[in-house]
Amino acid sequence: MLQLPDSPLCMKTSVSVDESYKLCQQLTAKYSKSFYLGTLLMSPAKRRAIWAIYAWCRRTDELVDGPAAAMTTPETLDLWQQQLESIFAGNPVDDFDAALADTIKKFPMDIQPFEDMIEGQRMDLYRSRYQTFDELYLYCYRVAATVGLMSTAVMGIDISMNTAPWNKNKPPYNPIQEAVALGIANQLTNILRDVGEDARRGRIYLPLEDLERFNYTEEDLFKGVIDQRWRELMRFQIKRARQFYVQAQKGIHYLSTDARFPVWAALIHYSRILAKIERNDYDVFSQRAYVPQWQKLRSLPIAWIRAQVL
Ligand SMILES: CC(C)=CCC/C(C)=C/CC/C(C)=C/CC/C(C)=C/COP(=O)(O)OP(=O)(O)O
């Protein structure tokens with residue numbers, strides 16, 4: 001279980017910045033093997049920054065999704081927000097924060113996506129249904145697109161992609177919409193993969209308006225009914241997620257050269273989960289759409305080629 005301070009603002013970091021990065025690295029490697037491998041393809045400075053961001057996001061998520069989540073109240077998130085402000089003011093509170101405070105100094109970024117992510121976790125505290133796709137989009141924006149914005153600030157953009165002679169006076173194109181789209185696509189994929197697991201916790205992330213459109217009820221979902229209505233509903237959801245992947249792809253060549261390969265690798269890997277759901281005939285109730293390690297490895301050369309030519 002992750003260590004979260006009881007009374008965060010009273011604590012002080014007891015480790016050096018390097019040790020703090022090490023803690024963030026270990027946490028990243030422990031919780032997300034493939035994400036961690038992706039960061040190894042980046043320059044040392046950027047990869048450390050991504051570990052610091054990942055550690056903060058994971059700890060935020062853990063507050064409402066982890067083993068101690070039953071103890072989390074809105075006040076816990078208020079304290080977490082204050083701790084965030086303290087990090088941004090250059091006063092790290094606990095041992096993981098020192099790395100993030102250093103990252104913010106080296107890669108200037110806005111506090112807004114971090115605050116938005118806390119708001120997203122707050123939604124998980126009081127909501128277990130989303131009526132419309134717009135409502136779900138807001139949730140996905142807060143818990144996942146924010147990660148895209150934070151990471152893009154670290155990965156940086158490639159000025160040479162942006163400076164045709166006739167564009168010299170224009171600011172370089174920053175692929176913010178595309179970064180947001182990848183976060184949304186990833187989160188929608190996650191939601192589709194985890195329908196069964198979420199239902200067992202009484203949660204439905206699929207918009208209820210979509211259930212209604214395909215004449216599929218909440219009760220059907222809790223029973224795990226797989227029929228023509230369900231398959232049509234899932235086809236619709238998968239198509240929507242893929243549209244966000246397509247939008248995201250268009251932004252990758254604006255990123256700095258060393259970031260393109262890991263981002264392509266992550267995009268290909270995550271979108272494969274959708275194909276896996278199709279291959280499982282849309283059964284997301286009794287099996288988890290899982291992409292085996294050898295398939296992840298197989299997509300690396302494809303990702304590499306795309307990063308060079310697209
Ligand atoms: C495309 C452009 C221009 C930039 C890229 C910007 C990036 C990196 C976007 C990706 C953002 C991202 C990683 C969002 C997180 C989404 C998500 C659903 C994470 C799931 O995390 P885990 O819960 O650890 O997943 P697993 O359960 O699959 O391990």
Side-chain angles (χ1 to χ4, degrees), residues 2 27-39 41-42 46-47 49-51 53-62 64-66 107 109 113-114 116-117 120-121 124 136 139-158 161-162 172-198 205 241 244-274 276-277 284 288-293 296 303 306-307 310:
L2 286 178
L27 190 145
T28 310
K30 180 173 167 202
Y31 281 88
S32 183
K33 299 245 162 359
S34 41
F35 186 76
Y36 177 69
L37 288 177
T39 63
L41 303 170
M42 295 178 177
K46 289 184 187 176
R47 90 171 60 121
I50 297 283
W51 294 335
I53 290 173
Y54 181 89
W56 185 85
C57 293
R58 171 55 67 174
R59 296 172 82 215
T60 308
D61 181 66
E62 204 75 2
V64 290
D65 239 359
F107 301 91
M109 57 185 89
F114 293 83
D116 287 344
M117 172 166 290
Q121 304 301 346
D124 260 340
L136 179 68
Y139 171 75
C140 294
Y141 178 88
R142 287 175 168 168
V143 299
T146 48
V147 186
L149 297 175
M150 297 168 197
S151 328
T152 305
V154 169
M155 292 184 297
I157 50 180
D158 180 1
M161 289 305 292
N162 288 279
Y173 181 69
N174 192 347
I176 289 176
Q177 288 315 318
E178 292 83 353
V180 165
L182 187 51
I184 303 283
N186 286 348
Q187 190 61 32
L188 291 177
T189 304
N190 222 276
I191 286 172
L192 297 179
R193 183 193 63 190
D194 297 342
V195 165
E197 200 180 309
D198 290 329
Y205 287 98
F244 285 101
Y245 281 116
V246 169
Q247 190 187 352
Q249 289 176 11
K250 294 180 187 145
I252 301 180
H253 69 277
Y254 292 104
L255 294 174
S256 63
T257 37
D258 63 342
R260 291 180 209 154
F261 178 28
V263 171
W264 266 114
L267 185 148
I268 294 172
H269 157 60
Y270 236 74
S271 58
R272 283 229 164 113
I273 296 175
L274 296 176
K276 191 74 196 183
I277 294 173
V284 282
R288 192 173 208 249
Y290 170 75
V291 179
Q293 204 64 26
K296 285 184 201 163
R306 288 191 188 175
L310 290 180

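Whatever order the structure lists them in is the order used to number ligands and atoms, beginning at 1. Note that the numbering runs from 1 along the sequence shown for the chain. These numbers come from the heavy atoms of this one structure, side chains and all, not from hydrogens, waters or symmetry mates. What you see is a predicted model; the values in this text were computed from it and never measured.
A distance-only check finds a donor-acceptor pair linking the side chain of Arg47 to the backbone of Met42 [under 3.5 Å]. Within the 3.5 Å criterion, the main-chain N or O of Thr28 finds no donor-acceptor partner in the side chain of Ser32. Side chain of Ser256 to backbone of Met155: a donor-acceptor contact under 3.5 angstrom is found.
Judged by distance alone, the side chains of Tyr54 and Thr39 never bring a donor and an acceptor atom under 3.5 Å apart.
Within the 4.5 Å cutoff, the side chain of Ile157 has no heavy atoms near those of the Tyr173 side chain. The closest side-chain heavy-atom distance from Met117 to Val147 is below 4.5 Å. Tyr254 places none of its side-chain heavy atoms less than 4.5 Å from the side chain of Ile176.
In this structure, atom 2 (C) of ligand 1 lies nearest to the protein heavy atom Ala179 CA, 3.7 Å. Nearest protein heavy-atom neighbour of atom 14 (C) of ligand 1: Ala144 O, 3.6 Å. Arg58 NH2, 2.7 Å is the protein heavy atom nearest to atom 24 (O) of ligand 1.
Residue Asn186 holds the heavy atom nearest to atom 10 (C) of ligand 1 of all those in Asn190, Val180, Asn186. The heavy atom nearest to atom 6 (C) of ligand 1, considering only Gly148, Ala181, Gly183, Gly38, is found in Gly148. Of the options Arg260, Arg193, Gln247, the smallest heavy-atom separation from atom 27 (O) of ligand 1 is shown by Arg193. Comparing Ser151, Ala248, Pro262, Ala259 by heavy-atom distance to atom 1 (C) of ligand 1, the nearest is Ala248. In the candidate list Phe35, Tyr290, Tyr270, Tyr31, Tyr270 is nearest to atom 21 (O) of ligand 1, counting heavy atoms.
Not a single heavy atom of Gln249 lies less than 4.0 angstrom from ligand 1.
Within the 4.0 Å heavy-atom criterion, neither part of Thr189 lies near ligand 1.
Taken to the nearest 0.5 Å, the CZ atom of Arg260 stands 5.0 Å off from the CG atom of Asp158.
Atoms of ligand 1 found under 4.0 Å from any heavy atom of Pro175, numbered from 1 in the order shown, are 3 (C).
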